[in-house]
Amino acid sequence: MPEGPEIRRAADKLEAAVLDKPLTAAWFAFPELKVFEQALVGQKIERIETRGKALLTHFSGGLTLYSHNQLYGVWRVVNAGKVPETTRVLRVKLQTADKAILLYSASDIEMLDADGLAKHPFLLRVGPDVLDLTLSAEQVKERLLSTRFRKRQFSGLLLDQAFLAGLGNYLRVEILWAMGLLAQHKAQDLTPEQLENLSHALLDIPRHSYNTRGHVDENRHHGAIFSFKVFHRAGEKCERCGGIIEKTMLSSRPFYWCPGCQH
C-alpha cells in the first residue's frame with residue numbers, strides 16, 4: 001500500500017494537471033454524489049490536501065471531496081475527453097478544458113462542507129501528517145511521550161495513523177534501522193538523546209522519501225538518492241555493521257531489521 005510520500009506525490013501530479021482551472025465537467029459513480037455534478041461545473045480546484053493516505057480536494061465553492069484509496073484506489077491524469085482502457089471501475093471524473101483526473105476503484109468517497117470536514121470521523125482520528133511542514137520534531141516528541149503513546153511498542157505505533165499520519169511499513173522499518181532501535185522498544189524506555197533523534201527521524205525520513213525517492217543522482221554510487229537500507233533486503237549484509245538482515249512478521253506486516261546493530 002502506498003505510504004504518505006507516495007500519496008503526496010500523487011496529489012502533486014493531480015494539482016499540476018487541474019489546479020485553478022475551471023471545471024468543464026464532473027461525474028460521480030455513486031448516486032448520492034450525482035447532485036454535485038452540475039454544481040461543480042465552473043468551479044476551480046484550489047488545493048489537494050493529504051492527510052496521511054486520504055486526499056481532500058478543495059473546490060472554490062467551499063465543498064471538499066474526501067477520498068481514501070484504501071487498498072485498491074488509484075488516481076490517474078488523462079487528456080480531457082479521454083478514458084483509458086482498464087479493468088478498474090471509474091468512481092470520479094473531474095475535467096478541465098485540457099486535462100481530467102480520474103479516481104478508480106476507491107469506495108470511500110464523500111462530499112463535505114466545512115462542518116462535515118470538521119466532524120469527519122477519519123479526519124478526527126488521524127494524527128498530524130509527517131509531510132506537514134508546520135509539524136516540528138518537538139511536537140512529535142510530545143506525542144511520543146504522551147500518556148496515549150509512550151507505552152506503545154514501535155512495531156504497532158509506527159503503523160497507527162492516529163499517532164502520525166503518512167507513516168507505513170517501509171517507513172517503520174527504515175526509521176527504526178536508522179535509529180538502531182528494535183520494534184519492541186517504547187518511547188518511555190528511550191534516553192533523551194534517542195528520543196530527540198527519533199523525533200527528527202520520524203519527520204526527516206518520510207520527507208526525504210517524498211523529495212527524492214525514484215529520483216536519480218548520477219554522482220551517487222547506486223544512482224537512487226533514496227534507497228532502502230533494510231526493507232526487502234532479508235539475507236543481505238547491513239551496510240552499517242555487516243550483519244545479516246532478517247525478516248519476520250509484526251502487526252501483520254513483513255518487518256526487516258539487523259540484529260547486529262539494532263538493539
Side-chain angles (χ1 to χ4, degrees), residues 1-10 12 50 52-53 127-133 135-138 140-141 143-144 149 152-161 163-187 189-263:
M1 181 185 288
E3 300 181 22
E6 290 73 43
I7 298 295
R8 184 61 251 175
R9 278 198 299 274
D12 290 346
T50 56
K53 299 171 187 178
D129 195 298
V130 291
L131 297 179
D132 178 355
L133 297 183
L135 181 63
S136 69
E138 190 61 34
V140 171
K141 188 196 296 186
R143 292 185 73 76
L144 279 168
F149 298 122
R152 294 272 306 276
Q153 291 189 358
F154 293 143
S155 58
L157 181 64
L158 300 194
L159 296 178
D160 186 350
Q161 299 301 291
F163 170 56
L164 290 174
L167 296 181
N169 195 37
Y170 86 75
L171 288 171
R172 169 181 74 158
V173 164
E174 294 297 318
I175 288 167
L176 291 178
W177 179 86
M179 294 298 97
L181 296 173
L182 291 170
Q184 59 263 40
H185 277 131
K186 305 170 186 176
D189 301 327
L190 301 187
T191 67
E193 182 181 9
Q194 286 175 317
L195 272 170
E196 183 71 19
N197 291 338
L198 178 60
S199 300
H200 282 277
L202 285 164
L203 298 180
D204 292 346
I205 292 175
R207 291 170 184 180
H208 182 56
S209 177
Y210 164 67
N211 287 320
T212 66
R213 190 176 174 207
H215 294 191
V216 172
D217 182 347
E218 298 298 339
N219 296 317
R220 291 177 66 91
H221 179 61
H222 292 294
I225 298 173
F226 182 93
S227 60
F228 293 135
K229 306 299 184 183
V230 284
F231 189 68
H232 278 213
R233 293 192 59 212
E236 299 181 32
K237 283 189 176 182
C238 171
E239 67 176 50
R240 183 164 57 201
C241 75
I244 302 300
I245 296 166
E246 296 188 11
K247 175 186 176 182
T248 189
M249 295 294 292
L250 289 175
S251 301
S252 303
R253 306 280 183 85
F255 183 83
Y256 302 82
W257 86 104
C258 174
C261 57
Q262 286 178 260
H263 44 73

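Here the side chains of D189 and Q194 are not in contact, with every heavy-atom distance at 4.5 Å or above. The closest side-chain heavy-atom distance from V173 to F255 is below 4.5 Å. For the pair I244 and C238, the minimum side-chain heavy-atom distance is 4.5 Å or more. Side-chain contact between N197 and E193 is present, with at least one heavy-atom pair separated by less than 4.5 Å. Within the 4.5 Å cutoff, the side chain of I245 has no heavy atoms near those of the W257 side chain. Using a 4.5 Å heavy-atom threshold, the side chains of R172 and L250 count as touching. Between L198 and F154, the closest side-chain pair of non-hydrogen atoms falls below 4.5 Å.
Within the model, atoms CG of L202 and CG of L171 stand 9.5 Å from one another, a figure rounded to the nearest 0.5 Å. To the nearest 0.5 Å, the span separating NZ on K141 from CD on E196 amounts to 4.0 Å. Between the CD atom in Q262 and the CE atom in M179 there is a gap of 10.5 Å [rounded to 0.5 Å]. Distance check, rounded to the nearest 0.5 Å: CD of E174 to CG of N169 gives 10.0 Å. With rounding to the nearest 0.5 angstrom, the CG atom of L190 is 6.0 Å from the CG atom of L181. Between the CG atom in L159 and the CG atom in L167 there is a gap of 8.5 Å [rounded to 0.5 Å].
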Assess the residue pair R8 and D129 against the criterion (salt bridge (Lys or Arg N to Asp or Glu O under 4.0 Å)); give the C-alpha distance rounded to whole Å, side-chain angles, the decisive distance to 0.1 Å, and a yes or no. CA-CA 11 Å; R8 184 61 251 175; D129 195 298; over 6 Å; no
Derivation and outcome, side chain to side chain contact (heavy atoms under 4.5 Å, CB included), residues L135 and L164: CA-CA 10 Å; L135 181 63; L164 290 174; 4.1 Å; yes
For F149 and L144, what are the C-alpha separation, side-chain angles and deciding distance, and is it a side chain to side chain contact (heavy atoms under 4.5 Å, CB included)? CA-CA 6 Å; F149 298 122; L144 279 168; over 6 Å; no
Run the numbers on D12 and Y210 for side-chain hydrogen bond (donor to acceptor under 3.5 Å, both in side chains), then give the verdict. CA-CA 11 Å; D12 290 346; Y210 164 67; 2.5 Å; yes
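Across C241 and C261, no two heavy atoms sit closer than the pair SG-SG, 3.7 Å. When all heavy atoms of E239 and K229 are compared, the pair lying nearest together is OE2-NZ, 3.2 Å. The two residues V130 and P206 have their closest heavy-atom pair at CG2-CB, 3.8 Å. Contact record, R233 with K237: NH2-O, 3.1 Å, taken as the closest heavy-atom pair.
One N or O on the side chain of Q161 and one on the backbone of G166 form a donor-acceptor pair closer than 3.5 Å. No side-chain donor-acceptor contact under 3.5 Å links R253 to the backbone of M249.
Side-chain atoms of Y170 and S209 form a donor-acceptor pair, as typed in the model, at a separation below 3.5 Å.
Ring pair F228/F231 is perpendicular by interplanar angle, where above 60° counts as perpendicular and below 30° as parallel.
Between K53 and E3 no salt bridge is recorded (no basic side-chain N to carboxylate O distance below 4.0 Å).
A cation-pi arrangement, defined by a distance under 6.0 Å to the six-membered ring centre and an angle within 45 degrees of its axis, is present between R240 and W177.
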